[in-house]
> 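Got a structure for you, questions after.
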Amino acid sequence: MKPFTLRDYQQEAVDLTIQHFRQSNDSAVIVLPTGAGKSLVIATLAKQARGKVLVLAHVKELVEQNHHKFTELGIDAGLYSAGLKQKETHHNVTFASIQSISRNLEALGSAYSLLVIDECHRLSDDADSQYLKTISHLKSLNPNLKVLGLTATPYRMGLGWIYQYHYRGYIRSNEPRPFKHCIYELPLRYMITKGYLTRPEVIDAAIAQYDFSSITPNAFGQLPEKPVNELLTRCKRVTQAIIQQVETLAANRQGVMIFAATVLHAQEITSYLPANQTALITGETPHAIRDEYIRAFKQKELKYLVNVSVLTTGFDAPHVDVIALLRPTQSVSLYQQIIGRGLRLSPDKEDCLIIDYAGNNFNLFHPEVGEPKPNSQSEPVQVFCPLCEFSNIFWGIKDDNGFVIEHYGRRCQHAEKDEKGKITRCEYRFRFKSCSYCGAENDIAARQCHQCSKAITDPDEQLKKALQLKDALILRCAGISIEASDVKVIVTYHDEHGESLKESFNFSAPAQRYIFNQFYGRRFKNSTQPMNFSTVEEVMKNQQNLTSPDFVIARKKGKFWRIQTRIFDYEGNFRKANQLN
């Protein structure tokens with residue numbers, strides 16, 4: 001059988017993986033877009049590996065696909081999957097489903113040198129998960145086991161990034177993650193530009209859209225099913241109009257995948273589509289029926305495939321040329337996975353229509369930010385670190401000219417590896433709480449100073465105590481104004497109802513000038529361009545770029561209010577100025 005030839009990026013991914021594991025036993029991730037040929041990379045690595053190799057996937061279709069690509073090299077390999085009715089582990093290379101192998105770990109009785117996990121973003125950090133139990137078992141047989149993950153989207157809602165360090169210098173998490181390093185990543189735009197994937201054609205769903213903004217997501221970024229169903233029940237006319245538009249736009253198309261929000265929603269959608277051309281797949285669909293629906297869809301016997309959260313990864317039907325999203329998501333990664341179902345190349349396919357009826361408003365080519373979208377106006381923005389000049393990607397807001405006017409980043413994401421392999425993270429914080437004992441800057445959620453270990457006063461506790469005092473005033477700050485008076489800078493804090501408080505800083509006194517710079521110079525332009533103001537004139541010239549606090553707490557001294565606390569970068573239970581309750 002003729003061996004396949006790797007594309008340049010596939011060979012590069014293979015070479016970097018070999019290079020990494022020759023130097024380290026740290027687990028690693030390769031990020032390749034859907035349709036980039038992960039199975040070819042897996043096959044090449046499995047062939048070149050020394051010792052036994054285990055390749056895991058979460059669905060039998062992927063297990064079978066990866067196995068097929070490897071055996072095309074002319075080398076026998078084992079299959080271990082209840083769904084495929086085979087359980088073999090005597091070959092040098094075994095392709096297995098995680099569900100089957102994790103329930104029969106005793107079948108893995110000898111040492112393996114390499115474990116490969118396809119669609120590895122499905123790993124959680126739960127020690128009792130199927131994947132981590134399997135990894136732990138294999139490491140008990142071989143402590144030097146190499147663990148490699150492959151995915152198009154290395155992010156999981158509720159967990160965040162599945163790796164800690166990126167080869168371009170990003171640090172994704174201070175806490176351990178299922179994988180230590182991302183060693184290779186290929187942008188989706190590269191694949192489309194080079195003609196390896198189909199061009200996405202995003203269509204404005206002008207006819208109707210759902211508005212899920214009133215529903216609060218859970219810790220995993222998912223919307224609870226009950227309120228979603230209640231909302232959708234009130235939108236039956238909207239759903240019917242949407243499906244009518246999908247049918248119209250898909251009149252001359254080959255295959256349509258529709259992603260529904262809930263099972264009830266999917267059933268309603270299906271009722272509006274031609275029965276002889278439509279199938280519905282949910283998590284409760286029996287395997288035999290699901291397999292038949294997928295076969296019929298791939299053979300183009302069915303035109304419409306409606307699903308609820310089961311065909312977002314590991315599903316390959318290249319002829320799909322319409323993707324309709326009728327479900328919300330807070331994750332750029334999940335959005336990219338869904339769209340990826342329609343980007344594979346296929347005969348007579350020039351593009352893939354993308355229609356978003358759920359108001360997700362993601363740019364397909366934007367990177368995952370790693371935090372839930374703070375508001376509907378936010379988009380990924382580039383913010384340079386003033387200390388190390390690293391280019392960070394945060395959620396933020398731009399003006400009409402494309403300039404960043406606000407961002408929500410906390411700390412610089414840059415990390416550097418020294419000659420000994422030690423990784424050090426940039427210390428610069430865009431938002432911070434200062435320790436009242438040593439002055440060190442800490443994360444805004446920190447309870448203990450990272451430098452002196454003293455307890456940091458919780459802003460909510462400060463506000464609660466102030467509310468209990470008769471001689472205290474809490475001002476919800478909606479903005480500040482600056483005046484000059486000889487050598488003094490006078491700051492006026494304004495609340496949302498027109499009340500105000502004032503304080504002055506004497507710039508002829510070094511101590512007061514230092515305090516002003518700690519509060520306002522350090523946070524100049526949202527902390528992206530820290531200033532050390534030395535004169536009143538400098539402050540007046542740049543006053544429009546000073547960052548205001550969220551709360552100001554003052555105490556009564558005689559007839560006057562004396563400001564005692566300014567709370568910046570507040571995240572807590574109290575309402576800030578101009579926020580709804």
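For this chain, numbers begin at 1 and follow the sequence in order. What you see is a predicted model; the values in this text were computed from it and never measured.
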> Quick check against the 3.5 Å criterion: does Asn526 have a side-chain atom that pairs as donor or acceptor with the backbone of Thr547?
no
> Would you check if there is a donor-acceptor pair between the side chains of Gln336 and Thr153 at a distance under 3.5 Å?
no
> Using the side chain to side chain donor-acceptor pair (under 3.5 Å) criterion, which residues pair with Asn229? Sequence neighbours excluded.
Thr262
> Measure the shortest side-chain to side-chain distance between Lys502 and Thr492 over non-hydrogen atoms and say whether it is less than 4.5 angstrom.
yes
> Evaluate the salt bridge (charged side-chain N to carboxylate O under 4.0 Å, His left out) criterion for residues Glu427 and Arg411: first the C-alpha distance (whole Å), next the side-chain angles of each, then the deciding distance (0.1 Å), finally the verdict.
CA-CA 8 Å; Glu427 289 293 327; Arg411 184 176 175 183; 3.5 Å; yes
> For residues Gln130 and His58, determine if any side-chain heavy atom of one lies less than 4.5 Å from a side-chain heavy atom of the other.
no
> Using ring pair (Phe, Tyr, Trp, His ring centres under 6.0 Å) as the criterion, list what pairs up with His181, not counting sequence neighbours.
His20, Tyr165
> Give the minimum heavy-atom separation between Ile183 and Leu16, together with the two atoms involved.
O-CD1, 3.8 Å
> Testing Lys433, Arg522, Arg429 for side chain to side chain donor-acceptor pair (under 3.5 Å) with Glu441, which one passes?
Arg522
> Would you compute the distance between atom CZ of Phe259 and atom CG of Leu325 and round it to the nearest 0.5 angstrom?
7.0 Å
> With a 6.0 Å cut-off (strictly less than), is the heavy-atom count around NZ of Lys454, excluding the residue itself, greater than 12?
no
> Kindly indicate, with the supporting measurements, whether the criterion side-chain contact (heavy atoms from CB on, under 4.5 Å) is fulfilled by Ile135 and Ile117.
CA-CA 10 Å; Ile135 293 171; Ile117 303 173; 4.1 Å; yes
> Can the ring centres of Tyr520 and Phe568 be said to be less than 6.0 Å apart?
yes
> Could you grab the distance from atom CZ of Phe384 to atom OG1 of Thr528, nearest 0.5 Å is fine?
11.0 Å
> Once you round to the nearest 0.5 Å, how far does CD1 of Ile355 lie from CG of Leu326?
9.0 Å
> Do the non-hydrogen side-chain atoms of Leu311 and Arg341 ever get within less than 4.5 Å of each other?
no
> Within a reach of under 6.0 Å around CD of Glu499, are more than 12 heavy atoms found that belong to other residues, nucleotides or ligands?
no
> Would you say Gln544 has more than 12 foreign heavy atoms packed within less than 6.0 Å of its CD?
yes
> Just wondering, are more than 12 heavy atoms of other shown residues or ligands nearer than 6.0 Å to CD in Gln564?
yes
> Taking all non-hydrogen atoms of both residues into account, name the closest pair between Arg425 and Gln413 and its distance.
NH2-CA, 4.2 Å
> What pairs meet the ring-ring contact (aromatic ring centres under 6.0 Å, His included) rule with one or both residues in residues 411-441, with sequence neighbours excluded?
Phe390-His414, Phe394-Phe430, His407-Phe430, Tyr428-Phe430
> Are the side chain of Asp443 and the backbone N or O of Ala445 linked by a donor-acceptor pair below 3.5 Å?
yes
> Quick one: is the NZ or CZ of Arg189 closer than 6.0 Å to the six-membered ring centre of Phe365, and within 45° of its axis?
yes
> Is the closest side-chain heavy-atom distance between Arg327 and Ser309 below 4.5 Å?
yes
> Return yes if some donor-acceptor pair links the side-chain N/O of Glu406 with the main-chain N/O of Ile397 below 3.5 Å, else return no.
no
> So, for Ile480 and Pro549, which heavy atoms are closest and what is the spacing to 0.1 Å?
CG2-CD, 4.2 Å
> So, do Arg555 and Trp561 sit near enough that their side-chain heavy atoms are less than 4.5 Å apart?
no
> If we ignore angles and hydrogens, is there a donor and acceptor under 3.5 Å between the side chains of Gln382 and Ser391?
yes
> Has the side chain of Tyr167 got a donor or acceptor atom that lies under 3.5 Å from a matching backbone atom of Glu185?
yes
> Whether the Asp460 and Tyr570 side chains hold a donor-acceptor pair (N or O, under 3.5 Å, no angle test) is what I'd like checked.
yes
> Between Arg156 and Ile162, is there a donor-acceptor pair closer than 3.5 Å when you use the side chain of the first and the backbone of the second?
no
> Shortest non-hydrogen contact from Ala324 to Tyr357?
CB-CE1, 4.3 Å
> Quick one: pull up CG in Leu123 and OH in Tyr163 and give me the separation to the nearest 0.5 Å.
15.0 Å
> Is the closest basic N to carboxylate O distance between Arg562 and Glu503 below 4.0 Å?
no
> Would you say the side-chain atoms of Gln468 pair up with the backbone N or O of Lys465, donor to acceptor, closer than 3.5 Å?
no
> Please say which of Arg431, Lys576, Arg410 ends up in a side chain to side chain contact (heavy atoms under 4.5 Å, CB included) with Glu571.
Arg410
> Could you walk me through whether Lys464 and Asn573 satisfy the side-chain contact (heavy atoms from CB on, under 4.5 Å) test, starting with their C-alpha distance in whole Å, then the side-chain angles of each, then the deciding distance to 0.1 Å, before giving a yes or no?
CA-CA 10 Å; Lys464 286 178 185 177; Asn573 298 319; 5.6 Å; no
> Can you give me the closest heavy-atom contact between Asn517 and Asn532, atom names plus distance?
ND2-OD1, 3.0 Å
> Nearest 0.5 angstrom please: His265 NE2 to Cys235 SG, how far?
8.5 Å
> Which atom pair, heavy atoms only, marks the closest approach of Asp495 to Ala478?
C-CB, 4.0 Å
> From Ile567 CD1 over to Ile553 CD1, what is the distance, rounded to the nearest 0.5 angstrom?
4.0 Å
> Using a 3.5 Å distance criterion without hydrogens, assess whether the side chain of Gln448 forms a donor-acceptor pair with backbone atoms of Ser453.
yes
> Taking the side chain as C-beta and beyond, is there a heavy-atom pair between Leu546 and Phe533 under 4.5 Å?
yes
> Leu387 versus Cys412: any side-chain heavy-atom pair under 4.5 Å?
no
> Would you indicate whether the side-chain heavy atoms of Asp356 and Phe362 approach each other to under 4.5 Å?
no
> Is a side-chain N or O of Ser485 found less than 3.5 angstrom from the main chain of Lys488, in a donor-acceptor match?
no
> Can you confirm whether more than 12 heavy atoms, excluding those of Asp400, are under 6.0 Å from its CG atom?
no
